[in-house]
Each structure stands twice: as structure tokens, then as C-alpha cells.
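One structure is given here, and the rest of the page talks about it.
Numbers here simply count residues along the sequence, with the first being 1.
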Amino acid sequence: MKDLSQLCIHTITTKPWSIEESSERFAETGVKGITVWRDALEGRNMSQTGNRLRNHGLNIVSLCRGGFFPAASAEKRQAAIDDNRRAIDEAAELGAPMVVLVCGAEPNQSLTTSRQQIQEGIEAILPHAEANQVQVTIEPLHPMYADTRSAVNTLGQANDMAEAIDSPWVGIAADVYHLWWDDNLQSEIMRCGRNGNLSAFHVCDWRVPTEDFLLDRGLMGEGCIDVPQIRKWVEEAGFEGMIEVEIFSNRYWSMDQAEFLNQIIEAYCKHV
């Protein structure tokens with residue numbers, strides 16, 4: 001029997017499917033968790049959608065995504081804070097315990113300034129997060145995204161920020177695609193676990209060669225990331241949550257999604 005009790009799949013992974021179809025297909029195949037992207041919720045009642053997912057036996061792991069705090073103007077920074085508060089509201093209504101933050105970056109200013117604005121933005125939304133019992137979760141992104149997607153590029157930087165903020169309503173998401181290359185990864189995972197900040201674990205693989213650095217992620221086992229080793233580290237650090245498959249791929253989005261789902265499950269069982 002395949003043990004899928006820890007398997008969570010992001011709605012973006014099977015992007016061609018609606019959230020209704022995704023939830024039905026995931027449940028039919030024994031998947032137990034779903035992470036919901038905000039685009040999948042457009043035009044839908046959050047509370048009713050959350051009930052629908054739970055009625056399918058799915059654990060709602062998180063809502064993606066908030067963040068994008070840095071900006072050159074105070075008005076744009078405030079707009080980002082307002083949007084993150086809305087994301088927290090959506091998560092609370094959906095029944096998701098956390099909002100994952102893609103923290104953002106502003107290419108016309110230093111990374112140091114962007115990181116400071118990220119920390120200030122998170123601190124600004126924390127009272128709203130606590131009031132709604134929703135954690136905000138920093139996801140460090142690969143350095144190739146440091147121009148516009150995130151100025152938080154290593155787990156060490158995320159740990160520094162979470163420690164500086166020092167709140168139980170701030171966590172960290174460790175995504176193998178973004179962190180596998182870091183020779184300090186094991187020690188930083190342990191640090192994250194000791195601090196109680198290791199809130200999420202995302203898996204996929206790095207295809208060789210990668211044809212598109214955003215939209216060509218691979219299934220686990222078809223690239224160069226040692227996913228089982230990193231899983232071992234996060235579990236040694238105390239992580240007991242669901243393992244989230246997050247794949248952006250034009251290659252896989254163009255194929256039959258039912259077949260792709262079967263491949264995800266097979267890759268999870270063999271290579272995670």
C-alpha cells in the first residue's frame with residue numbers, strides 16, 4: 001500500500017484543473033493535503049470552498065501567496081501590507097493555518113533595503129495574523145530570483161529574520177528547489193527546527209538542463225536534488241507536517257493532468 005498520509009499537492013501544480021476538480025481528483029487517489037493558491041479561489045466563496053475541501057478529506061495546509069513587500073514608494077509598500085492583510089483574511093475564512101510569503105524585492109534599491117522593508121512589512125501584518133490565528137511563513141527563494149521575487153535567498157537569511165521578529169506567528173517554508181545548493185543547508189535546517197520556525201516543506205526537482213528557471217521544475221527523482229536527504233534533515237529537525245509537491249512546469253501543465261497526478265504519486269513514493 002502506498003502511504004500518502006503526508007502528501008500535499010499545491011493547486012498550482014495541477015494548474016489546468018479548477019480547485020473543484022483538483023480536490024476531487026486528489027481525494028480519489030488518496031492524497032490527504034492541499035495547498036491553495038489565491039488564483040484558484042477567484043470568484044468563489046472562501047468558507048464554502050474550505051468546507052468542500054475538508055468534505056473531500058483534504059487537510060488545507062496553507063494559502064499561497066502573500067509577500068512582495070519591498071517597493072520604492074511608501075504608497076506601494078502600504079498597498080502590499082493591505083494585500084497581505086487580505087490574504088490573512090482569506091486564509092482564515094478558508095480554514096488555512098498559514099499564508100506563505102514570497103517576500104519580494106525591488107531591483108532599484110539594495111538587497112539590504114529590501115530585506116529591511118520585508119521585515120517591516122511582516123511586523124506590520126503580525127497583529128492581524130495573530131488576531132486571525134494565521135501564521136505568516138517566510139519562503140526563501142533561490143538567488144536567481146533576488147531581482148524582483150525575493151531578497152530572502154538563503155535559509156540563513158530567513159532564520160535571521162524570523163529570529164529578529166521573534167513571534168510564534170512567523171514561520172519558515174523550506175523548498176528544496178530554492179535551497180538544495182546551499183552548503184550550510186543542514187545546519188540551517190537544524191537551527192530553524194530548534195527555533196520552532198520550520199513550518200512547511202516543499203518538494204520538486206531541478207531538471208538538468210533546466211529550460212526555464214521559473215516554469216520547468218521537475219518531478220522528484222528526475223533531477224539533481226537529493227530530496228530524501230533533505231527530508232531526513234527536516235525530520236531530524238522536528239518537522240512532522242505534510243510534504244508539499246509544488247511544481248511550476250509548462251511541460252507538465254500541457255499533459256493530461258490525471259496522468260500527471262499519477263506520476264506525482266509515483267515520484268513521491270519512490271523519490272521522497
*Side-chain H-bond candidate by donor/acceptor type, N51 with R54, under 3.5 Å*: yes

_Pi-cation contact, Y177 with R217 (under 6.0 Å, within 45°)_ = yes

_Validation row: V227, W180 side chains within 4.5 angstrom (heavy atoms)_ = no

*So, does S23 use its side chain to make a donor-acceptor pair with the main chain of L53 at under 3.5 Å?*
no

*Are the side chain of R86 and the backbone N or O of N84 linked by a donor-acceptor pair below 3.5 Å?*
no

*Kindly say whether F213 contributes a backbone atom to a donor-acceptor pair with the side chain of T210 at under 3.5 angstrom?*
no

_hydrophobic_cluster_shared for M242 and L261, side chain cutoff 4.5 Å_ = no

*asked:* I want to know whether H142 and W206 have ring centres closer than 6.0 Å.
replied: yes

*Spatial distance of atom CZ (R25) from atom OG (S18) [nearest 0.5 Å]*: 10.0 Å

*Going by heavy atoms in the side chains, are I165 and E123 under 4.5 Å from each other?*
yes

*Taking all heavy atoms of V136 and all of A129, pick out the closest pair and write down the distance.*
CG1-CB, 4.3 Å

*May I ask you to say whether D212 pairs ionically with R251, meaning some side-chain N is under 4.0 Å from a carboxylate O?*
no

*Shortest non-hydrogen contact from I225 toward D205*: N-OD1, 2.9 Å

_Closest contact, heavy atoms only, P70 versus Q117_ = CA-OE1, 3.1 Å

*May I ask you to decide if the ring planes of H178 and Y145 are parallel, tilted or perpendicular, using 30° and 60° as cut-offs?*
perpendicular

*Is there a donor-acceptor contact under 3.5 Å from the side chain of Q6 to the main chain of G241?*
yes

*With S114, the side-chain hydrogen bond (donor to acceptor under 3.5 Å, both in side chains) member among Q119, Q109, E106*: Q109

_Residue pair E139 / D175: nearest heavy atoms and the distance that separates them_ = OE2-OD2, 3.1 Å

*asked:* For the residue pair E24 / H56, report whether a side-chain donor-acceptor contact shorter than 3.5 Å exists.
replied: no

*Taking the side chain from R207 and the backbone from G218, do they hold a donor-acceptor pair closer than 3.5 Å?*
no

*Do any pairs count as a ring pair (Phe, Tyr, Trp, His ring centres under 6.0 Å) and have a residue in residues 239-267, sequence neighbours left out, and if so which ones?*
W37-F248, Y252-F260

_Could you tell me if the side chain of V31 sits less than 4.5 Å from the side chain of C8, heavy atoms only?_
no

*asked:* Once rounded to the nearest 0.5 Å, what's the spacing between atom SG of C103 and atom CD1 of I138?
replied: 5.5 Å

*Establish whether L198 and L155 are linked, either directly or via other cluster members, by ILVMFWY side-chain heavy-atom contacts under 4.5 Å.*
yes

*asked:* With a 4.5 Å cut-off on side-chain heavy atoms, are L7 and K32 touching?
replied: no

*Side-chain contact, heavy-atom cut-off 4.5 Å: D89 with H128?*
yes

_Heavy-atom check, side chain of T14 versus side chain of S22, under 4.5 Å_ = yes

*What's the shortest heavy-atom distance between R77 and A71, and which atoms?*
NH1-O, 2.8 Å

*Can you check side-chain contact (heavy atoms from CB on, under 4.5 Å) on N197 and V170, steps first, answer last?*
CA-CA 7 Å; N197 293 134; V170 173; 5.5 Å; no

_Under a 4.0 Å threshold between the charged nitrogen and the carboxylate oxygen, would D83 count as salt-bridged to R65?_
no

_Do V245 and V234 land in one hydrophobic cluster if side-chain heavy atoms of ILVMFWY residues count as linked below 4.5 Å?_
yes

_Nearest 0.5 Å, please: how far is CD in E188 from CD1 in I172?_
9.0 Å

_If you define the side chain from C-beta out and look only at heavy atoms, does anything of I264 sit under 4.5 Å from Q257?_
no

*Counting only N and O atoms by type, is there a donor-acceptor contact under 3.5 Å from the side chain of Q186 to the main-chain atoms of N184?*
no

*Output yes when a side-chain donor or acceptor of D147 lies under 3.5 Å from a complementary backbone atom of P107, and no otherwise.*
no

*From V203, V272, I189, residue fulfilling side chain to side chain contact (heavy atoms under 4.5 Å, CB included) relative to I230*: I189

*Backbone N/O of L219 and side chain of E222: donor-acceptor pair under 3.5 Å*: yes

*H202 side, atom NE2; T13 side, atom OG1 - distance, nearest 0.5 Å*: 9.5 Å

*Please check if I125 and V99 belong to a single hydrophobic cluster, counting links between Ile, Leu, Val, Met, Phe, Trp and Tyr side chain heavy atoms closer than 4.5 Å.*
yes

*Side-chain donor-acceptor pair under 3.5 Å between N45 and S47, yes or no?*
no

*With a 3.5 Å cut-off and no angle check, do the side chains of T35 and S62 form a donor-acceptor pair?*
yes

_Which atom of Q135 lies closest to which atom of P168, heavy atoms considered_ = NE2-O, 3.1 Å

*asked:* Before you tell me yes or no, could you show the steps for F68 and L101 under side-chain contact (heavy atoms from CB on, under 4.5 Å), namely the whole-Å CA-CA distance, both residues' side-chain angles and the distance that decides it to 0.1 Å?
replied: CA-CA 8 Å; F68 292 98; L101 304 178; over 6 Å; no

*Run the side-chain contact (heavy atoms from CB on, under 4.5 Å) check on T154 and W181 step by step: do they pass?*
CA-CA 10 Å; T154 66; W181 55 274; 3.9 Å; yes

*Are a donor atom and an acceptor atom from the side chains of Q78 and D82 found within less than 3.5 Å of each other?*
yes

*asked:* Set out, in order, the CA-CA distance, both residues' side-chain angles and the distance that settles side-chain contact (heavy atoms from CB on, under 4.5 Å) for D216 and N250, then state yes or no.
replied: CA-CA 7 Å; D216 192 32; N250 287 326; over 6 Å; no

*CD1 of I9 to CD1 of I34: how many Å apart, nearest 0.5 Å?*
8.5 Å

*Enter the distance from L141:CG to Q157:CD here, rounded to the nearest 0.5 Å.*
11.0 Å

*Got a salt bridge between E20 and R52, using NZ or NE/NH1/NH2 to carboxylate O under 4.0 Å?*
no

*Can any side-chain N or O of S150 pair as donor or acceptor with the backbone N or O of P140 at less than 3.5 Å?*
no

_Min side-chain heavy-atom separation D160-R191 under 4.5 Å_ = yes

*asked:* For residues M220 and V61: do they belong to one hydrophobic cluster (side chain heavy atoms under 4.5 Å, members Ile, Leu, Val, Met, Phe, Trp, Tyr)?
replied: no

*Keeping the roles fixed (side chain from R85, backbone from A124), state whether a donor-acceptor pair exists under 3.5 Å.*
yes

